[in-house]
Amino acid sequence: MRIRIIVFSFLLIAFGNVPALAHAMLQSATPLVGSTVASAPREVSLTFSQNLESAFSSVEVTDANGTRVDQGKPQISGNTMRVGLKSLPQGTYRVRWRVLSVDTHKTEGSFTFRVGP
Amino acid sequence: MLRYSSCSRAFAVALIFTALSAGEAFAHCFVGARFLPATLATDDPCVADELSLPTVGWSKTGDFPSATEWDISVDLAKRITEDFGVSIGTTWSHIRAPGGPTMAGFGNLETAFQYQLLKDPSHELALLLGLVVEWGGTGAVNSGLADPWSTLTPTFYFGKGFGDLPDSFGWLRAFAITGQIGYQFPTRSFDVVEGTPIPQVLVYGGSIQYSMPYLKSQVRDYQLPDFINHLIPIVEAQFSTPVANNFGNSALTTGTINPGVIWVGSYSQVGAEAVIPVNRASGTGVGFLGQLHLYLDDIFPTTIGRPLLGGSSAPQQRLNF
């Protein structure tokens with residue numbers, strides 16, 4: 001009896017409510033996080049672990065001087081966010097993102113990639 | 001003397017938890033791009049909506065001869081506001097000495113009141129202030145598993161990720177540390193049963209951890225297997241040192257060093273650590289600590305995963321750089 005009450009209490013806590021959602025974590029990126037690519041990419045694509053709220057999610061790409069090199073509005077579809085890039089010379093670039101998952105959890109992060117041999 | 005059965009404890013935890021069901025949905029221990037997992041032997045430096053159920057420990061005590069001890073704990077943490085939270089927990093212990101009696105029962109109920117002093121996203125720094133209260137007489141006092149007196153432990157917690165190091169530090173940026181230090185006051189100064197003073201104790205500890213999720217998403221994606229990318233190898237350490245009112249007792253520092261690993265998922269984490277006593281008084285041989293930890297703010301983002309007071313479910317402003 002004691003065990004049953006304890007188990008019931010746990011189930012009440014764990015499964016007694018709404019559908020589950022979570023923080024949107026960066027799952028993959030193109031170009032890859034920390035990678036070196038031989039030819040300049042035309043866009044940056046970020047895929048997250050959860051669907052995003054497009055109105056409250058953004059990304060920017062800057063060069064070594066901090067100058068924005070992204071162009072156009074980020075395109076968000078489901079759990080993927082894309083942004084176009086200007087023509088990039090060789091160098092190191094930083095991608096900064098902030099997103100809001102559909103359950104209102106905020107996450108953010110940044111990484112670099114390099115264009116060059 | 002106030003006593004609780006295991007059934008009423010379980011119901012109390014469930015009902016308290018269910019009652020605290022309104023407010024806003026945001027993060028567990030995220031500080032900027034850094035996620036600090038719930039540590040097993042010490043505490044992370046954030047208020048949060050979390051449930052550790054269960055934490056299971058096995059060890060051999062420092063007695064002569066050593067007794068075998070099992071501990072099963074539950075701990076529930078709930079935010080009252082965005083920056084203030086409370087937690088409640090208890091431990092059931094089973095101790096069997098060779099050739100001696102077996103003791104089993106609950107320890108005292110323990111609560112913590114915690115305030116988030118600082119979260120600095122750019123430096124991945126979190127500071128937390130807490131008051132831990134162990135409520136005397138709420139456990140199995142007659143079995144010797146709980147004290148009839150209470151203890152108060154003001155505690156300071158911190159966490160720091162090293163993602164703000166220059167990019168040239170590379171993979172080292174995935175390291176983080178956490179720590180805590182507290183001063184434990186008993187509400188009585190003398191144990192009339194044992195005939196000894198009850199010491200005041202400095203309790204302290206911390207962790208060093210390496211985040212594979214951080215390495216993959218912030219530093220370099222080595223395209224390792226997905227399971228590996230969810231791991232946080234960790235070494236925890238916890239100590240206690242009697243520092244006052246200690247006449248007739250040993251002033252020896254006791255503690256353990258716990259190497260292990262935590263697997264981090266979207267809604268929960270699973271951790272396992274070896275428990276290595278630092279001296280004979282701390283235990284005998286290598287023990288074990290395991291924990292299933294649930295992120296309630298992710299499992300129930302619109303209800304019990306929110307703070308009880310303040311804020312709204314909708315973001316206040318558009319995120320812009």
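In what follows, every chain begins at residue 1, and chains take the letters A, B, ... in the order their sequences are listed.
Scanning both residues, A:G109 and B:A33, for their nearest heavy atoms gives CA-CB, 3.8 Å.
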- What's the verdict on side chain to side chain contact (heavy atoms under 4.5 Å, CB included) for A:V33 and B:K216, showing C-alpha distance, side-chain angles and the deciding distance? CA-CA 7 Å; A:V33 172; B:K216 181 200 175 195; over 6 Å; no
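Note that the CZ atom of B:F35 and the CE atom of A:M25 stand 8.0 Å from one another [nearest 0.5 Å]. Here A:E108 contributes atom CD and B:S122 contributes atom OG; the two are 9.0 Å apart, rounded to the nearest 0.5 Å.
Heavy atoms closer than 4.5 Å to chain A are found in the side chain of B:P121, but not in its backbone. The contact between A:S110 and chain B is made by backbone and side chain atoms together, counting heavy-atom distances below 4.5 Å.
At least one side-chain heavy atom of B:D298 sits less than 4.5 Å from a side-chain heavy atom of A:H23. For the pair B:S217 and A:Q27, the minimum side-chain heavy-atom distance is 4.5 Å or more.
Identified by a heavy-atom distance below 4.5 Å to chain A, the contributing residues of residues 218-227 of chain B are B:Q218, B:V219, B:R220, B:D221, B:Q223, in residue-number order.
The ring-ring contact (aromatic ring centres under 6.0 Å, His included) search around A:F48 returns A:W97, not counting sequence neighbours.
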